[in-house]
Amino acid sequence: EDQVTQSPEALRLQEGESSSLNCSYTVSGLRGLFWYRQDPGKGPEFLFTLYSAGEEKEKERLKATLTKKESFLHITAPKPEDSATYLCAVPGIYNKLIFGAGTRLAVHP
Amino acid sequence: EAGVTQFPSHSVIEKGQTVTLRCDPISGHDNLYWYRRVMGKEIKFLLHFVKESKQDESGMPNNRFLAERTGGTYSTLKVQPAELEDSGVYFCASSQKLFTEAFFGQGTRLTVV
């Protein structure tokens with residue numbers, strides 16, 4: 001069965017303290033892996049798509065990487081405005097997204 | 001470019017009543033999806049339209065849920081009659097092609113009391 005597991009569930013960082021979020025996946029035939037950011041009361045906001053092992057994407061303080069079994073979202077020198085829930089998802093059959101439970105990130109000044 | 005728009009943003013209804021949620025996808029996106037997050041759980045797939053046709057409705061909980069997509073444009077999701085366990089946040093998303101990024105609306109928070 002297709003599955004996505006994210007860790008940790010919650011992460012508290014000081015401003016400037018770099019860290020990584022993990023997304024492990026089990027899917028029959030990877031057709032992409034998506035990272036989203038979700039703020040309270042809003043819908044998921046698209047961040048990155050990764051399609052093949054070894055691929056990396058960057059946006060401001062975020063960098064996403066992909067291996068054959070997992071993806072990492074690296075946050076470099078985070079700021080309080082990076083606080084959000086970060087979601088990872090993979091497409092299953094017919095492109096329905098299978099989401100992980102997310103990592104709640106809190107960055108304190 | 002306008003994003004995915006959902007109406008209403010909040011709805012509180014009594015058990016047994018009917019509610020209709022609406023989604024306007026990004027113009028030109030043939031693929032439209034409905035997802036739901038219930039309290040404390042991850043976001044779960046409900047169904048997928050390609051233009052006006054239902055491609056996959058394997059995630060629909062039961063026959064109290066009815067989704068339509070008129071002319072391949074906007075979509076509605078009707079819950080009739082609503083039950084307490086239907087409470088949650090309903091998200092709509094659209095994408096241009098399969099296996100490419102989907103863009104989400106802000107969600108409709110449904111509370112059944």
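Every chain is numbered from 1 and lettered A, B, ... according to where its sequence line falls, protein lines coming before strand lines.
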Exercise. Under 4.5 Å heavy-atom distance to chain B, tell me which part of K42(A) shows up: side chain, backbone, both or neither.
Key: backbone
Self-check item: Heavy atoms from other residues, nucleotides or ligands near CD of E81(A) exceed 12 (cutoff 6.0 Å)
Solution: yes
Self-check item: Within one Ile-Leu-Val-Met-Phe-Trp-Tyr cluster: L87(A) and V89(B), side-chain cutoff 4.5 Å
Solution: yes
Quiz item: Side chain, backbone, both or neither: which part of F99(B) has an atom under 4.5 Å from a heavy atom of chain A?
Solution: both
Self-check item: Proximity breakdown for R109(B) and chain A, heavy-atom pairs closer than 4.5 Å
Solution: neither
Quiz item: Which of residues 38-59 of chain B get closer than 4.5 angstrom to chain A, counting heavy atoms alone?
Solution: E42(B), I43(B), F45(B), H48(B), Q55(B), D56(B), S58(B)
Self-check item: Heavy-atom neighbours of R12(A) CZ exceed 12 at 6.0 Å
Solution: no
Quiz prompt | Largest heavy-atom contact set with chain B, pairs under 4.5 Å, which of P44(A), G32(A), G102(A) | solution = P44(A)
Self-check item: R104(A) CZ: over 12 foreign heavy atoms closer than 6.0 Å
Solution: no
Quiz prompt | Segment of I98(A) engaging chain B (4.5 angstrom heavy-atom cut-off) | solution = neither
Exercise. Sort Q6(A) into side chain, backbone, both or neither according to what part of it lies under 4.5 angstrom from a heavy atom of chain B.
Key: neither
Quiz item: Applying the 4.5 Å side-chain criterion to the ILVMFWY set and letting contacts propagate, would L77(B) and I13(B) be lumped into a single cluster?
Solution: yes
Quiz item: Heavy-atom distance under 4.5 Å to chain A: side chain of A102(B), backbone, both or neither?
Solution: both
Quiz prompt | Rounded distance [0.5 Å steps], CZ in F91(B) versus CG in L97(A) | solution = 13.0 Å
Self-check item: Side chain / backbone / both / neither for Y51(A) at chain B, heavy atoms under 4.5 Å
Solution: side chain
Self-check item: Minimum heavy-atom distance between N95(A) and Y35(B), given as atom pair plus value
Solution: O-OH, 4.3 Å
Practice problem: Mark yes when over 12 heavy atoms from residues, nucleotides or ligands other than Q14(A) sit less than 6.0 Å from its CD; otherwise mark no. | Solution: yes
Quiz prompt | Atom CD of E85(B): over 12 foreign heavy atoms under 6.0 Å | solution = yes
Self-check item: Common cluster, V4(A)/L47(A), ILVMFWY with side-chain heavy-atom separation under 4.5 Å
Solution: yes
Quiz item: Mind checking whether L50(A) and Y25(A) sit in one hydrophobic cluster, side chains of I, L, V, M, F, W, Y counted as touching below 4.5 Å?
Solution: yes
Practice problem: Below 4.5 Å from any heavy atom of chain B, which atoms of P91(A) appear? Answer side chain, backbone, both or neither. | Solution: side chain
Practice problem: Taking the side chain as every heavy atom from C-beta outward, state whether F34(A) and E101(B) have any atom pair closer than 4.5 Å. | Solution: yes
Exercise. State whether the number of non-hydrogen atoms from other residues, nucleotides or ligands found under 6.0 Å of E68(B) atom CD is greater than 12.
Key: no
Quiz item: Would you say F99(A) and F103(B) are hydrophobically clustered, going by side-chain heavy atoms of ILVMFWY under 4.5 Å?
Solution: yes
